[in-house]
Colleague: 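Structure below; questions to follow.
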Amino acid sequence: MAEKDKRVEAITAMDKDFAQWYTDVVLKAELIDHSAVKGCMILRPYGFAIWENIQKNLDALFKATGHENVAMPMFIPEGLLQKEKDHVEGFAPEVAWVTHGGSEPLAERLCIRPTSETLFCDHYAHIIQSHRDLPKLYNQWVSVVRWEKTTRPFLRSTEFYWQEGHTAHASKEEAMAETLRMLDVYADFYRDYLAIPVIKGQKTEKEKFAGAVSTYTVEAMMHDGKALQSATSHYFGDGFAKAFGIQFTDRNNTLQYVHQTSWGLSTRSIGAIIMTHGDDEGLVLPPRIAPIQVVIVPIAAHKPGVLDRAHAVQAELKPSLRVRLDESDKMPGWKFAEYEMKGVPLRLEMGPRDLENNQCVAVRRDTGEKRILSLDNLATSVMAMLDEIHENLLEKARISRDSRTYEASDYETFKDLIANQPGFVKAMWCGDEACEKKIKEDTTATSRCIPFEQTHVSDHCVCCGQPAEKMVIWGKAY
RNA sequence: CGAGGUGUAGCGCAGUUGGCUAGCGCGCCUGCUUUGGGAGCAGGAUGUCGGGGGUUCAAGUCCCUUCACCUCGACCA
């Protein structure tokens, strides 16, 4: 029991204090450390390795859809940021400024990019002349800075890593198709790599991106019932093109403005992983992005043959899996707890008893299930188990989300649900921003999205009672 | 940005009305013994008491200021 007590001490229970649980996990699983600057986190090797795996896999999906990576500067001259009115109004309150070069004041101050639309637009204006130059399908993997008042690791940090795709097209139809295509890429990525089910939908006018015609989102539900905007894709129409003069000559030799999109997914996705799959033992990582997919823990490693066999197994798995053999002199129980805290999907225990039987003991992180595996064709059975874990995580998350998704057709029910039942509430909305604002004032819930997959809850706006056709998902959000 | 809370060794904490060389547990280092759920014994190392300024014979302790972290709001693509 003493061992158990030590573990409980290590991480605050989710039910007791979810916020503290989250903080404990990000620090104790060694994902991040705090830096000297407020809200700026240090991504430690284990945390960064998760990000690298996200990058690697998502980038492959971008490449498969014809996108190219570029690198823009981190500075935006003030004049450039101000070219699109809505955009600058949206971002000005949270940009950081560089005012000096060495000891000399700059003639024009430079903002540290909060997002790079203006840089891409400026560049596009230079390089796009003909319809033959289109489409431009660019992406970059960088960090951006937004001077947020309240910060939390991964969820809202002052500086954060992300990718931002910026595309320019000859027609609005093509740009809209790109916007929705990339939203699909995000949704598929969340499902297939992070084992997180998301809801695709459109943001309301109030919630859309500064400067966009329309914003689309994938929304996920965290373990505490709160919503996390997990990635967004924006359709810009030709608004930025007109502000920045991005024109091309079409097939009929007439001058046209391009139609643009942008879309992004950030290190916030790691927050989503933590708060979707984690439990009281710590992190639970989906196998496809886990830095360590399999950890081999030798038992009684000093006994003849144990370590040799463990090394052989590691060598066998290494070509197809991210595998670690922990041959440190820590106690096995210590290692079990440690790798559970770090969310390693599968643990293989190998002791003298196993060697006699040409087997090992496989323990799943998600269910705790122990299974005896033959050392013959081990890579195959391990990979099958990792796939099972992925499917189970996805299914568990889906059930968890659906069981906390409610419907409300009248305002009293709505308010009661938001106040007392953490989760999503589906309710009809008339389309008036006033109702959205009132709901936020009354309940602190916001419209998460107008889901593509509509269900008919009632005929009337849940807030004002006017006829309503759109079903909106509401919830408290990070 | 508003309200509240917290900063003492890597982590968790104690430190009395201001008073001696700032402590405890875990961890860490060395050695031996151990190894199927966070090992045991012996020895050892580790501190700008978050930073700066002030009061005082004397400050971890009191005052001012500043930075960071946490909670709840406001803000938030």
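Below, chain A is the first sequence line, B the second, and so on; all start at residue 1.
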Colleague: At under 4.0 Å, does any side-chain N or O of R152(A) touch on OP1 or OP2 of rC70(B)?
Modeller: no
Colleague: Planes under 30° and centres closer than 5.5 Å, is that true for H34(A) with the base of rC69(B)?
Modeller: no
Colleague: Using only modelled atom types and a 3.5 angstrom limit, is any donor from either the side chain of T150(A) or the base of rA74(B) paired with an acceptor on the other?
Modeller: yes
Colleague: Give the residues of residues 435-450 of chain A touching RNA chain B, defined as any heavy atom closer than 4.0 Å, sorted by residue number.
Modeller: K440(A)
Colleague: What's V297(A) touching, base or sugar-phosphate or nothing? Going by heavy atoms closer than 4.0 Å.
Modeller: nothing
Colleague: Within the structure shown, what part of the strands sits under 4.0 Å from D17(A) by heavy-atom distance: base, sugar-phosphate, or nothing?
Modeller: nothing
Colleague: Over all strands shown, is G368(A) touching base, sugar-phosphate only, or nothing at heavy-atom distances under 4.0 angstrom?
Modeller: nothing
Colleague: Could you tell me the Watson-Crick or G-U partner of rG10(B), where both distances fall under 3.5 Å? Say none if there is no partner.
Modeller: rC26(B)
Colleague: Using side chain to side chain contact (heavy atoms under 4.5 Å, CB included) as the criterion, list what pairs up with A427(A), not counting sequence neighbours.
Modeller: F414(A), V462(A), W474(A)
Colleague: Has the side chain of E148(A) got a donor or acceptor atom that lies under 3.5 Å from a matching backbone atom of T151(A)?
Modeller: no
Colleague: Enumerate donor-acceptor pairs with a distance under 3.5 Å from any side-chain N or O in residues 295-308 of chain A to protein atoms, sequence neighbours excluded.
Modeller:
none

Colleague: Under 3.5 Å, side chain of Q163(A) to main-chain N/O of W141(A), donor-acceptor pair present?
Modeller: no
Colleague: Would you mind classifying the nucleic acid contact of G351(A) as base, sugar-phosphate or nothing, using non-hydrogen atoms under 4.0 angstrom?
Modeller: base
Colleague: Would the distance check show the side chain of R324(A) and the main-chain N or O of P291(A) forming a donor-acceptor pair, the cut-off being under 3.5 Å?
Modeller: no
Colleague: Considering only residues two or more places apart or on different chains, which pairs with a residue in residues 437-450 of chain A satisfy side chain to side chain donor-acceptor pair (under 3.5 Å)?
Modeller: T204(A)-S447(A), E219(A)-R448(A), Y411(A)-D442(A), E436(A)-S447(A), K438(A)-D442(A), T446(A)-R448(A)
Colleague: Of the residues in residues 269-279 of chain A, which ones touch RNA chain B at a heavy-atom distance under 4.0 Å?
Modeller: none
Colleague: Where along residues 197-214 of chain A does a heavy atom come under 4.0 Å from RNA chain B, residue by residue in number order?
Modeller: K208(A), F209(A), A210(A)
